[in-house]
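First up is the structure itself, then whatever we jot down about it.
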Amino acid sequence: RQAAMAVTGASLWDLSALLDKSWIHMGDGDRYTMHRLARQYALDRFDREHEMLSEEPVTEVYRRHCHYFADLSSELSVFDDDAPPIPPAEADNIQLAWRTALSHEDWAALARIAVGLDFIMETWWHPQMLPLLQASIDRLQAHVKSTVAADAEQRTEDVIGLARLLGVAGKFHTHLGNKQESIVVLSQAKEMMRPVWRSDEESRLLYAIITAELGFALYYDGQFERAAGILFEILPYYEEMGMASAICSLHIHLALIHD
């Protein structure tokens with residue numbers, strides 16, 4: 001309901017009228033649903049008539065949708081043990097926001113979306129995400145290289161967003177069994193974060209996550225000595241941040257290495 005009101009500008013009265021006429025239906029968890037044919041009809045009318053009737057560009061609606069779900073994605077975390085799995089419909093909305101951010105080169109929105117991708121991929125793996133992920137990395141990498149040094153603050157945010165995307169790609173390759181590719185990508189992410197990881201707590205956490213994932217990838221590849229060095233390096237940061245589940249995972253891998 002909140003998303004419908006924020007993106008479309010509809011009031012509760014408007015939504016109630018659509019419910020009464022069965023254009024939309026109330027589903028689980030205070031979510032609206034639409035029949036597939038009704039959705040397609042509405043999208044066709046929207047693309048053809050929205051700008052004429054409202055004098056608002058269609059792209060502005062997609063921008064609001066993108067920013068709403070970018071903000072939602074930025075609040076997701078794999079370290080929130082009480083967080084329920086994300087519904088497929090929500091993941092679809094975040095993926096649409098992701099595509100919009102990429103097509104409009106909205107790097108700030110893309111960086112916010114990247115925050116929640118770890119959580120989305122932990123709970124809802126989808127092979128179609130890998131080409132989109134690689135395209136995002138390529139485009140943002142080109143943007144970072146072209147950013148002038150004078151815009152240092154924005155460039156740092158873009159670098160952190162790119163490191164997040166690389167970190168997610170590394171986990172994706174680990175999940176798919178692409179061990180060498182995972183190590184290469186996670187090593188790139190770690191090196192990218194090295195100059196900026198001390199800037200704030202969020203950057204420190206991201207550096208710790210990427211470094212731990214690299215350690216796990218090395219472990220799965222049989223490079224136990226390198227894995228142990230990486231995991232021992234990052235263990236104090238997890239202990240300092242009091243992240244019990246992550247600490248437990250690190251200790252298990254270290255114990256297996258030494259066995």
Side-chain angles (χ1 to χ4, degrees), residues 66 69-70 72-74 76-79 86 90-103 105-147 155-197 202-221 223 226-227 230-231 234 246 249 253:
C66 173
F69 284 98
L72 176 66
S73 182
S74 71
L76 300 174
S77 172
V78 291
F79 296 108
I86 187 167
E90 213 75 288
D92 287 342
N93 273 309
I94 291 174
Q95 188 175 162
L96 176 58
W98 183 1
R99 293 182 184 279
T100 301
L102 185 60
S103 64
E105 298 187 345
D106 189 340
W107 308 122
L110 185 60
R112 297 201 305 280
I113 291 167
V115 174
L117 291 184
D118 255 346
F119 183 84
I120 295 170
M121 291 193 175
E122 285 280 347
T123 58
W124 193 68
W125 290 92
H126 200 298
Q128 290 181 351
M129 283 188 170
L130 189 55
L132 177 59
L133 186 56
Q134 190 57 55
S136 301
I137 290 169
D138 293 342
R139 295 274 296 282
L140 187 51
Q141 208 159 30
H143 169 72
V144 167
K145 289 179 180 178
S146 67
T147 304
R155 189 177 190 282
T156 297
E157 291 181 10
D158 292 339
V159 165
I160 292 171
L162 178 56
R164 286 189 189 280
L165 292 173
L166 286 167
V168 173
K171 290 184 69 173
F172 210 133
H173 284 297
T174 299
H175 179 79
L176 295 174
N178 304 332
K179 298 175 184 177
Q180 289 300 317
E181 187 68 24
S182 176
I183 292 169
V184 169
V185 172
L186 289 168
S187 296
Q188 289 176 347
K190 185 175 187 293
E191 287 305 307
M192 189 161 290
M193 283 299 299
R194 192 181 294 277
V196 299
W197 76 278
E202 185 179 343
S203 298
R204 291 178 64 202
L205 176 59
L206 178 59
Y207 182 76
I209 292 169
I210 290 171
T211 303
E213 289 297 334
L214 176 57
F216 297 155
L218 289 166
Y219 169 80
Y220 295 136
D221 194 46
Q223 300 184 47
R226 285 186 65 196
I230 290 284
L231 295 177
I234 212 63
S249 180
H253 280 79

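Keep in mind it's a predicted model, so treat the numbers as computed, not measured.
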Closest contact, heavy atoms only, [X] versus [Y]:
| X | Y | result |
| --- | --- | --- |
| Ala227 | Leu218 | CB-CB, 3.9 Å |
| Cys66 | Ala109 | SG-CB, 3.9 Å |
| Ala101 | Leu110 | CB-N, 4.0 Å |
| Leu206 | Ala163 | CD2-CB, 4.5 Å |
| Ala217 | Leu186 | CB-CD1, 4.0 Å |
| Ala212 | Leu231 | O-CD2, 3.8 Å |

Seminar exercise, completed: For Glu105, the salt bridge (Lys or Arg N to Asp or Glu O under 4.0 Å) test, sequence neighbours excluded, returns Arg139
For this session: Please step through side chain to side chain contact (heavy atoms under 4.5 Å, CB included) for the pair Glu90 and Leu72, ending with a clear verdict.
Result: CA-CA 9 Å; Glu90 213 75 288; Leu72 176 66; 3.7 Å; yes
Please examine the side chains of [Y] and [X], heavy atoms only from C-beta on, and report whether any two atoms are closer than 4.5 Å.
| X | Y | result |
| --- | --- | --- |
| Leu117 | Trp98 | yes |
| Phe69 | Gln95 | no |
| Ile230 | Lys190 | yes |
| Met192 | Val144 | no |
| Leu102 | Leu132 | yes |
| Leu130 | His173 | yes |

For this session: Using side-chain contact (heavy atoms from CB on, under 4.5 Å) as the criterion, point out the one residue from Val185, Ile113, Leu133, Asp138 that pairs with Leu165.
Result: Leu133
For this session: Rounded to the nearest 0.5 Å, what's the gap from CD on Gln188 to CD1 on Ile210? Could you check?
Result: 11.5 Å
Problem set entry | Separation of Asp221 CG from Arg226 CZ (nearest 0.5 Å) | 9.0 Å
For this session: On the 0 to 90° scale, with breaks at 30° and 60°, tag the Tyr220-Phe216 ring pair as parallel, tilted or perpendicular.
Result: tilted
For this session: Starting from the C-alpha separation in whole Å, work towards a yes-or-no answer on side chain to side chain contact (heavy atoms under 4.5 Å, CB included) for Asp106 and Thr100.
Result: CA-CA 8 Å; Asp106 189 340; Thr100 301; over 6 Å; no
For this session: For Ile137 and Leu162, run side chain to side chain contact (heavy atoms under 4.5 Å, CB included): C-alpha distance rounded to whole Å, both residues' side-chain angles, the deciding distance at 0.1 Å, then the answer.
Result: CA-CA 6 Å; Ile137 290 169; Leu162 178 56; 4.0 Å; yes
Exercise. Any donor and acceptor pair, going by atom type alone, linking the side chain of Thr174 with main-chain N or O of Gly170 inside 3.5 Å?
Worked result: yes
Problem set entry | Which residues share a side chain to side chain donor-acceptor pair (under 3.5 Å) with Ser203, sequence neighbours left out | Ser199, Asp200
